[in-house]
Amino acid sequence: RTSVPQLGPLAPYTAAERQRVDATGGYWSHAGGLSPILKAGSWIHPETVSVDIGAGNGLQALLMQKMYPHSRCCQIEISSAMVEIGCRLQEWLEIPAARVEWRVDDVLETDLGGWNFVYLYRPVRPVGPGAGFYTRLASALEKELTEVVIFSVADCLHDFLPESFDRFYTDGHLTCYRKPAEDQRS
């Protein structure tokens, strides 16, 4: 019988991590709810490479990986303590190490791209340095040759996406976009 991991404080950031999250307008470890997890099943396939940008403890993407097993998910989070918690959650959920990449990194400075399913919950404000992040993210996703699906909670990406992305769902909380694969574009 496996016991539930002890998760500790809700949002364990070091002073430097907290200062950076505050300065960039990111949310402190707010989960996006069940809606994105339940809706993702139609868009995640065995060959999918997903990312959770500003992952916190990574529970959202871990649940997507558990419910809809796929090639790999990348978890990007500035808080090393949250990543440690996420690694324990991954073990508890019995998700193989090869299917999850944990990246302790500032989203403003991390390498972007290589994913075809993107989940984010406003990791930074869309102004100043944050505008640069969303511009880089939109550009990286536009260059992907495969279909790209984006699930954006508290959507800040809309104004940065090129016309090749169609919004196919929004409810005021979750907004979803899709760009067809390169060979499907007209």
One pair to check against side-chain contact (heavy atoms from CB on, under 4.5 Å): Gln60 and Ile37. What are the steps and the verdict? CA-CA 7 Å; Gln60 300 290 110; Ile37 297 167; 3.7 Å; yes
Evaluate the side-chain contact (heavy atoms from CB on, under 4.5 Å) criterion for residues Ile78 and Val104: first the C-alpha distance (whole Å), next the side-chain angles of each, then the deciding distance (0.1 Å), finally the verdict. CA-CA 5 Å; Ile78 195 170; Val104 178; over 6 Å; no
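- Contacts of Thr170 classified as side-chain contact (heavy atoms from CB on, under 4.5 Å), with partners at least two apart in sequence or in another chain: Arg167, Thr175.
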Could you go through Gln75 and Arg103, starting from their C-alpha distance and side-chain angles, then the distance that decides it, and tell me whether this counts as side-chain hydrogen bond (donor to acceptor under 3.5 Å, both in side chains)? CA-CA 6 Å; Gln75 306 264 29; Arg103 203 185 291 178; over 6 Å; no
Determine whether Gln65 and His70 satisfy the following criterion, side-chain contact (heavy atoms from CB on, under 4.5 Å), listing intermediate values before the conclusion. CA-CA 6 Å; Gln65 182 64 274; His70 53 282; 3.4 Å; yes
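- Heavy-atom minimum distance, Met82 versus Asn57: CE-N, 3.4 Å.
- When Val83, Ile53, Asp106 are each tested for a side chain to side chain contact (heavy atoms under 4.5 Å, CB included) with Glu77, only one passes: Val83.
- No side-chain donor from either of Asp52 and Tyr121 sits under 3.5 Å from a side-chain acceptor of the other.
- When all heavy atoms of Leu89 and Leu62 are compared, the closest pair comes out as CB-CD1, 3.8 Å.
- The OG atom of Ser139 sits 11.0 Å away from the CG atom of Leu161 when rounded to the nearest 0.5 Å.
- The minimum heavy-atom distance linking Leu137 with Trp115 is given by the pair CD1-CZ3, 4.1 Å.
- Judged as a side-chain contact (heavy atoms from CB on, under 4.5 Å), and not counting sequence neighbours, Glu84 has no contacts.
- Rounded to the nearest 0.5 Å, atoms CG (Asn116) and OG (Ser50) are 8.5 Å apart.
- Listed by first and then second residue, the ring-ring contact (aromatic ring centres under 6.0 Å, His included) pairs involving residues 128-149 are Tyr134-Phe160 (not counting sequence neighbours).
- Scanning both residues, Pro129 and Leu108, for their nearest heavy atoms gives O-CD2, 3.6 Å.
- Residues meeting the side-chain contact (heavy atoms from CB on, under 4.5 Å) test with Pro162, sequence neighbours left out: Ala138, Glu142, Ser164, Phe165.
- Gln90 and Trp102 form a side-chain donor-acceptor contact under 3.5 Å, judged by distance and modelled atom types alone.
- Judged as a salt bridge (Lys or Arg N to Asp or Glu O under 4.0 Å), the pairs with a partner in residues 65-76 (not counting sequence neighbours) are, in order, Arg72-Glu101.
- Summarising the local packing, CG of Asp105 is surrounded by more than 12 heavy atoms from other residues, nucleotides or ligands at distances under 6.0 Å.
- Under a cut-off of 6.0 angstrom, the local environment of CD in Glu47 is crowded, with over 12 non-hydrogen atoms contributed by other residues, nucleotides or ligands.
- One finds the NE2 atom of His45 at 13.0 Å from the OG atom of Ser71 (value rounded to the nearest 0.5 Å).
- No side-chain heavy atom of Phe117 sits under 4.5 Å from any side-chain heavy atom of Val51.
- Partners of Cys176 by side-chain contact (heavy atoms from CB on, under 4.5 Å), not counting sequence neighbours, listed by chain and number: Phe151, Phe168, Tyr169, Leu174.
- In this structure, Leu59 is a member of the same hydrophobic cluster as Leu38, with clusters built from ILVMFWY side-chain heavy atoms closer than 4.5 Å.
- There is a path of hydrophobic side-chain contacts, each under 4.5 Å, that joins Val149 to Met67.
- Leu93 CG to Arg88 CZ: the interatomic distance, rounded to the nearest 0.5 Å, is 13.0 Å.
- Residues Ile150 and Leu120 have side chains in contact (heavy-atom distance under 4.5 Å, counting atoms from C-beta outward).
- Taking CG of Leu157 as the reference point, atom OH of Tyr177 lies at 6.5 Å (rounded to 0.5 Å).
- Looking at heavy atoms from C-beta onward, Glu147 lies in side-chain contact with Trp43 at the 4.5 angstrom threshold.
- Not a single donor-acceptor pair under 3.5 Å links the side chain of Lys179 to the backbone N or O of Glu163.
- Between Cys156 and Val124, the shortest heavy-atom distance links the atoms SG-O, 4.4 Å.
- When all heavy atoms of Met64 and Ala40 are compared, the closest pair comes out as SD-CB, 3.9 Å.
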